[in-house]
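So the structure is just underneath, and the comments pick up after that.
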Amino acid sequence: MRIENIEIQNFRQYRNLTFKFPHNKGDNDLHIIYANNGVGKTNVLNAITWCLYNTEMHLGDKNTAIAILNNQLVQELRQHMPEGGNTIGDATVRILFSSDDASEKIRFTRVGKFNVTNEAIIPVNTEFSIMHFIDGEWNSIDTEEETLSIVRKNVPEEIHEYIFFDGEHLESYFKAGQFENIKNGIEELTQAKILEKAAMAFQKYLSEVLNPQISNSSEKDISVAQKELDKIQDATDASNATIETLSTQIHNCDDEIATLDNIISGHVHVSEKTKRLKEVDGLIESLKVDIEKKKAEMMAFAREYVQYFALYPAIKSLYTYIQEQDQHGKLPPRIDKFLLESIEQHKHCMICDQDLSDHSYIFIQKLRKELEMSSDTSALLNKSVVILRQYLEKLSHYQTRRETLIDEEKSLRKQYNDYLEEEKQLNTYLMNIPNTEAITKAIEDKKEYRKKRDEIVEKKGAEEAHKKELDNQYYLQAKKLKSLIEKNKQLEKINSQAEYCKKCRNILKEIRIELLEESRQEMEKETFDTFSQLLWKKDAFSKVEILEDYTFRLLDKYGSQTLGSCSAAERALLALSFTLALQKVSMHDSLLFIDTPIGRVDQDNRLNFVNTLCEIAKGKQVILTFTPVEYDEKVAAALQGEYASFSKLQIEDGITIIK
């Protein structure tokens, strides 16, 4: 949908003015509003958002802003108002949206009523209405539910920041604190918010309806078990939130470190050293992990051999004794008692293949009984010899294994210390470059951020271990609760409902995660493809990354984060590229209204950025506002013949008109 016209009556500087945005097929759908500061460019944006959402999204200071109702109208009303009396004044904004082929149109109208007295202008109420043109006729939208549905479908308030921009917002799109807005925009446009709300509804029904019925049961064991399960669930939710917060903090540290790397490597004399410093930093981190693993291996080795050495005198003495007894034939022979039992049972010798006489049969019976005990003893002693020999063999390898582990640990520590020394030398070199205070500070700041990052990573690891333990506790407690309520039909029914709600909640959460992940990956690709296509500086960047917490990374051809060192124009272009990708992926293709798009773009890149906006206008409606300072000769020449409409605003007697 595109804006066909905007009618503004008695809204701030506007008494009765209509903006028309015509478009011929094949031409750029680009429209320009030109005016000095204070004439009312930004109030066109405010009129749009007031009409659609009953709020002015782009006021400088809402607390000190004057009333919406036009001052000239207010004065006229007061002139004809009796002393001490009051009257009602109306402000009206109508916006006509239409499809590209004009087969469908929607007219949004908001009328604000204000109580005017000699002392004040007091808002009374607003009336919002929609007319829908489709299949050749206009229809009024009567119900509030249907009205909200049409607004949400065409220009949802949740994503107004991705339709109506001001230049400052474009330039600060990826600054700290903005990522939550990006996250909300993605979740709204991908419908992930709906899935989240549905999952929360199931969770609310669980925690507020079903679980309390079980926890308030007259069966004390069941009540206690449910309360304990709720307690574990609360702890798990808190742990998940902590892990998510720590992950965001790690990403923020990474971004700060990458930004500092850009400052350090930006100096002509330090790029090579900086690159090596980055490599050394990575090797140090890797060796720290290897050393910790080797220390753990040595501790396990020490614990194992402490037991062996403690038992060595007894093991050696017993092993020697058994060997001596065996050499002197003092150990009882091993007798196959199963063979003797078979001979006795069948009264037949399996060895000589002769039947037993009565005398032989009695002898076999006595022999089996006498040797049963000695045979078991012999088997036990022989088995003991094998185990004792294994212990002694392990002890014989102790010195070799110990020396190997010590050498390996020494080698790792030597490498670690060598790299630490190299890192120290590199830092010293970089810090002592003359006239590079920013680089010196960046190096110090980088150390602090790396230290901070290590601490956060350690906290996250501990929290993830805690979360894993909570998951195990939850599983065991849920199993226990289920067992307790199996015999209670009423509670069993409630528990079945609870299990169903949990499954639904978990499925919705999994679908939401998969949807966001797919959308995130697709938006990464679309953003970079659009950015590369529109960017005037080719082959400077290699990839756009949108992390799980929706922080952005723009990587150069070497794989380093460069977003912090980009120009305002490049950041604004990346913001536009992301907006276009977001609209494409969500299939919510909307117009762009940008107030003063090049106000914060440097002179060198203004024409590049203007050309890019013209390129975007080939596929969608783009409305731009300019001040005379921005709209200089070069910009005017670049836009000549590219726009479909040009509205020049000026003030006459306090009223904004189109000249």
Side-chain angles (χ1 to χ4, degrees), residues 3-22 30-52 55-76 89-96 110 112 114 121 160 163-171 591-601 606 609-610 613 621-640 642-659:
I3 296 178
E4 190 170 310
N5 61 59
I6 305 171
E7 300 175 40
I8 308 176
Q9 296 172 347
N10 299 323
F11 183 93
R12 298 198 178 279
Q13 300 103 316
Y14 297 98
R15 189 67 190 270
N16 190 0
L17 189 146
T18 299
F19 289 95
K20 296 180 180 180
F21 304 106
L30 178 65
H31 306 270
I32 294 174
I33 299 173
Y34 173 94
N36 286 308
N37 287 323
V39 173
K41 298 184 310 302
T42 302
N43 277 334
V44 179
L45 266 181
N46 284 324
I48 293 172
T49 59
W50 179 75
C51 176
L52 296 173
T55 182
E56 297 177 275
M57 303 291 193
H58 304 277
L59 276 182
D61 186 349
K62 296 180 181 180
N63 295 320
T64 60
I66 62 174
I68 286 175
L69 196 62
N70 178 262
N71 280 334
Q72 191 178 80
L73 173 64
V74 170
Q75 294 305 316
E76 291 174 2
D90 294 348
T92 303
V93 177
R94 295 184 183 88
I95 307 173
L96 179 61
R110 186 175 297 276
F114 299 83
I121 305 168
H160 76 274
I163 303 172
F164 310 113
F165 290 92
D166 58 38
E168 182 177 357
H169 177 59
L170 259 184
E171 194 271 332
L591 66 115
L592 291 176
F593 190 126
I594 310 175
D595 185 25
T596 60
I598 59 173
R600 292 158 187 82
V601 176
R606 281 192 172 186
F609 196 66
V610 165
L613 292 170
Q621 185 182 40
V622 178
I623 303 173
L624 307 175
T625 72
F626 289 96
T627 64
V629 173
E630 297 164 340
Y631 201 77
D632 57 26
E633 291 182 2
K634 292 181 179 179
V635 172
L639 289 172
Q640 187 65 39
E642 297 291 337
Y643 51 78
S645 73
F646 186 99
S647 301
K648 182 178 180 180
L649 306 182
Q650 67 181 51
I651 286 186
E652 291 185 359
D653 299 326
I655 301 300
T656 297
I657 63 171
I658 296 178
K659 186 70 173 177

field: Any residue meeting side chain to side chain donor-acceptor pair (under 3.5 Å) with Glu652, in chain and number order, not counting sequence neighbours
entry: Gln650
message: Under the rule for side chain to side chain donor-acceptor pair (under 3.5 Å), what residues qualify as partners of Glu642, not counting sequence neighbours?
response: Asn28
Find the distance between [atom1] ([X]) and [atom2] ([Y]) and round it off to the nearest 0.5 Å.
X: Tyr34; Y: Thr625; atom1: OH; atom2: OG1; value: 12.0 Å
X: Ile651; Y: Ile657; atom1: CD1; atom2: CD1; value: 10.0 Å
X: Lys634; Y: Leu639; atom1: NZ; atom2: CG; value: 14.5 Å
X: Phe646; Y: Leu30; atom1: CZ; atom2: CG; value: 11.0 Å

Under the salt bridge (Lys or Arg N to Asp or Glu O under 4.0 Å) test, residues paired with [X] that sit two or more places apart:
X: Asp632; value: none
X: Arg94; value: Glu7
X: Glu630; value: none

task: Please lay out, stage by stage, how Leu591 and Ile163 fare under the test side chain to side chain contact (heavy atoms under 4.5 Å, CB included).
output: CA-CA 6 Å; Leu591 66 115; Ile163 303 172; 4.0 Å; yes
Show the nearest heavy-atom pair for residues [X] and [Y], with the distance to one decimal.
X: Ala67; Y: Arg12; result: O-NH1, 3.5 Å
X: Asn70; Y: Leu73; result: OD1-N, 3.1 Å
X: Ala91; Y: Trp50; result: O-CH2, 3.5 Å

query: Can you name the side chain to side chain contact (heavy atoms under 4.5 Å, CB included) partners of Asp90, sequence neighbours left out?
result: Ile88, Val111, Lys113
- prompt: Who pairs with Ala638 by side chain to side chain contact (heavy atoms under 4.5 Å, CB included), at least two apart in sequence or on another chain?
  reply: Leu607, Val610, Asn611
Looking at side-chain heavy atoms only, is the closest gap between [X] and [Y] below 4.5 Å?
X: Ser647; Y: Ile32; result: no
X: Ile33; Y: Leu649; result: yes
X: Ile3; Y: Ile95; result: yes
X: His31; Y: Gln621; result: yes

- prompt: Got a sec, which residues hit ring-ring contact (aromatic ring centres under 6.0 Å, His included) with Phe626, two or more places apart in sequence or on another chain?
  reply: Tyr631
- request: Could you tell me which residues satisfy ring-ring contact (aromatic ring centres under 6.0 Å, His included) with Phe114, sequence neighbours excluded, listed by chain and number?
  value: none
task: Flag the pair Phe11 / Tyr14 as yes when their ring centroid distance falls below 6.0 Å, and as no otherwise.
output: no
N/O donor-acceptor pairs under 3.5 Å from side chains in residues 36-49, not counting sequence neighbours:
unit_1: Thr42; atom_1: OG1; unit_2: Asp595; atom_2: OD2; d: 2.6
unit_1: Asn43; atom_1: OD1; unit_2: Asn46; atom_2: ND2; d: 3.0
unit_1: Asn43; atom_1: ND2; unit_2: Gln13; atom_2: OE1; d: 2.6
unit_1: Asn46; atom_1: OD1; unit_2: His58; atom_2: N; d: 2.9
unit_1: Thr49; atom_1: OG1; unit_2: Leu45; atom_2: O; d: 3.4
unit_1: Thr49; atom_1: OG1; unit_2: Asn46; atom_2: O; d: 3.2
unit_1: Thr49; atom_1: OG1; unit_2: Thr55; atom_2: O; d: 3.0
unit_1: Thr49; atom_1: OG1; unit_2: Met57; atom_2: N; d: 3.2

field: Stepwise side chain to side chain contact (heavy atoms under 4.5 Å, CB included) test for Val74 and Ile121
entry: CA-CA 8 Å; Val74 170; Ile121 305 168; 3.6 Å; yes
Identify each donor-acceptor pair in which a side-chain atom of residues 15-22 lies under 3.5 Å from a protein atom, sequence neighbours left out, and give them as a table.
unit_1: Arg15; atom_1: NE; unit_2: Asn10; atom_2: OD1; d: 2.8
unit_1: Arg15; atom_1: NH1; unit_2: Gln72; atom_2: OE1; d: 2.7
unit_1: Arg15; atom_1: NH1; unit_2: Glu76; atom_2: OE2; d: 3.2
unit_1: Arg15; atom_1: NH2; unit_2: Glu76; atom_2: OE1; d: 2.8

